[in-house]
Amino acid sequence: MPEIAAPPPPEPAPVPEPEKGPPPALNESDEAAYRDLMSLAPDGALAKWLVPDEVVRKWVAAVNAASRGELIHKHRPLKTIKGPIAITEAGPTGIELSPENYRRYDQAVRLFSMMDTDTAVEIYRYWYPRLAQAYAELGIRNKNFHQEVMEAIDKVLAAPAAEEPIQLVRPSVYYKFADPELEKLPGLHKLMIRMGPDNAARVKEKLRELKAALEQIPLQQSE
C-alpha cells in the first residue's frame with residue numbers, strides 16, 4: 001500500500017483587513033516590506049543590515065536554509081559582517097578565535113534582542129500571504145512556511161556551546177575549527193559559536209520569546 005504523506009500543520013489564519021490594505025503583490029513588495037522591517041528598530045538603525053531588494057523571497061530562502069541548519073551565501077536578506085575573523089596567536093594550534101571576534105556581532109545582536117516581539121509578529125502575520133507565496137515558489141511539498149519558521153527557530157536554539165578558548169586551524173584560505181566535532185556542525189551552529197557565548201545566549205533568549213508569541217497566533221482551522 002503506498003505511503004500517504006501527512007498533511008502539513010496549520011498556517012496562520014488571515015489577519016483582519018488592516019487599514020493599509022493587503023500586502024502588495026510579491027513582485028512589487030520590496031519597498032513596503034523593507035519599510036516594515038525597518039520599523040523594527042529606531043532611527044534607521046537596520047539600514048546597515050537589511051538588503052532592500054527581493055526582500056520577501058530572500059527571507060523565505062534564508063528561513064528555508066536555516067530550518068536545515070544551513071546558511072545561504074548568495075542572495076542573503078542581511079548584509080554580512082564586515083572585516084576578517086579576529087584571531088589570537090596562542091594555544092596548541094597556534095591560532096585561537098579571539099573574543100574580539102564576538103564584538104563584531106554585538107550591534108546586530110543588540111538590535112535583534114531589542115526588537116519588539118509583538119510588532120515583529122504583527123508584521124509576520126500581515127506579510128504571511130506573500131511569504132507563503134514565495135515559499136510555494138520553492139516547490140516544497142507537504143510543508144508550509146510557518147512550519148519552516150518554527151523549525152528554523154528550533155535549529156538555532158539547538159546550537160551547542162563550545163569550550164573556550166576555541167582552537168582554529170588554517171589548512172588553506174579559510175580558518176576552520178580544530179575540533180572535528182565543531183567543524184562538522186551545520187553552518188548555522190558554527191555562526192552561533194563565532195558570535196560568542198553571550199551573543200548566542202541573547203539570540204536564543206529572543207528567539208524563545210518569538211517562538212512563544214508565534215505559538216499563540218490563531219491558525220487556520222481544518223475544514
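Nothing fancy with the numbering, it's 1 onward along the sequence. Computed from a predicted structure; not experimentally measured. Reckoned from all heavy atoms, side chains included, excluding hydrogens, waters and symmetry mates.
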To the nearest 0.5 Å, what is the distance between [atom1] on [X] and [atom2] on [Y]?
X	Y	atom1	atom2	answer
D179	L168	CG	CG	11.0 Å
Q167	I87	CD	CD1	11.5 Å
L207	L157	CG	CG	5.5 Å
T88	E100	OG1	CD	8.0 Å
E11	N144	CD	CG	4.0 Å
K155	L188	NZ	CG	8.5 Å

Whether the [X] and [Y] side chains hold a donor-acceptor pair (N or O, under 3.5 Å, no angle test) is what I'd like checked.
X	Y	value
R57	N27	yes
Y124	H146	yes
R130	S29	no

Heavy atoms of other groups near [X] [atom1], more than 12 under 6.0 Å:
X	atom1	result
K176	NZ	no
E205	CD	no
E215	CD	yes
E31	CD	no
Q147	CD	yes

Would you say [Y] ends up clustered with [X] if hydrophobic residues are merged whenever their side chains have heavy atoms under 4.5 Å apart, either directly or through other cluster members?
X	Y	value
W59	V156	yes
I123	V51	no
L185	I85	yes
F145	I217	yes
V149	L138	yes

Could you tell me if the side chain of [Y] sits less than 4.5 Å from the side chain of [X], heavy atoms only?
X	Y	answer
Y135	L131	no
R76	K58	no
T80	W49	no
V109	D198	no
W127	P24	yes
L40	D116	no
Q107	F112	no
L210	M115	yes

**Request:** Indicate yes or no: does E151 engage K143 in a salt bridge with an N to O separation below 4.0 Å.
**Result:** yes
**Request:** Identify whether the distance between the nearest side-chain nitrogen and carboxylate oxygen of R125 and E122 falls below 4.0 Å.
**Result:** no
Heavy-atom donor-acceptor pair, [X] side chain to [Y] backbone, under 3.5 Å:
X	Y	answer
K190	L182	no
K204	A159	yes
K79	A47	yes
D30	V55	yes
N199	Y102	yes

Testing the basics here: between [X] and [Y], what is the closest heavy-atom pair and its distance to 0.1 Å?
X	Y	value
V169	A178	CG1-CB, 3.9 Å
A134	V56	CB-CG1, 4.0 Å
A86	L97	O-CD1, 3.8 Å
P10	L219	CB-CB, 3.8 Å
S67	E148	OG-OE1, 2.6 Å

**Message:** Using side chain to side chain contact (heavy atoms under 4.5 Å, CB included), reason through K206 and T117 one step at a time and then give a plain yes or no.
**Reply:** CA-CA 8 Å; K206 190 64 178 184; T117 296; 3.0 Å; yes
**Request:** Assess whether side chain to side chain contact (heavy atoms under 4.5 Å, CB included) is satisfied between E89 and E96, documenting all intermediate values.
**Result:** CA-CA 6 Å; E89 294 183 357; E96 291 179 355; over 6 Å; no
**Item:** L26 and E137: CA distance, side-chain angles, deciding distance, side chain to side chain contact (heavy atoms under 4.5 Å, CB included) verdict
**Value:** CA-CA 11 Å; L26 183 56; E137 293 178 348; 3.4 Å; yes
**Request:** For side chain to side chain contact (heavy atoms under 4.5 Å, CB included), just list the numbers for F177 and K184, CA-CA rounded to whole Å, side-chain angles, deciding distance to a tenth of an Å, and then say yes or no.
**Result:** CA-CA 9 Å; F177 293 118; K184 72 180 183 182; over 6 Å; no
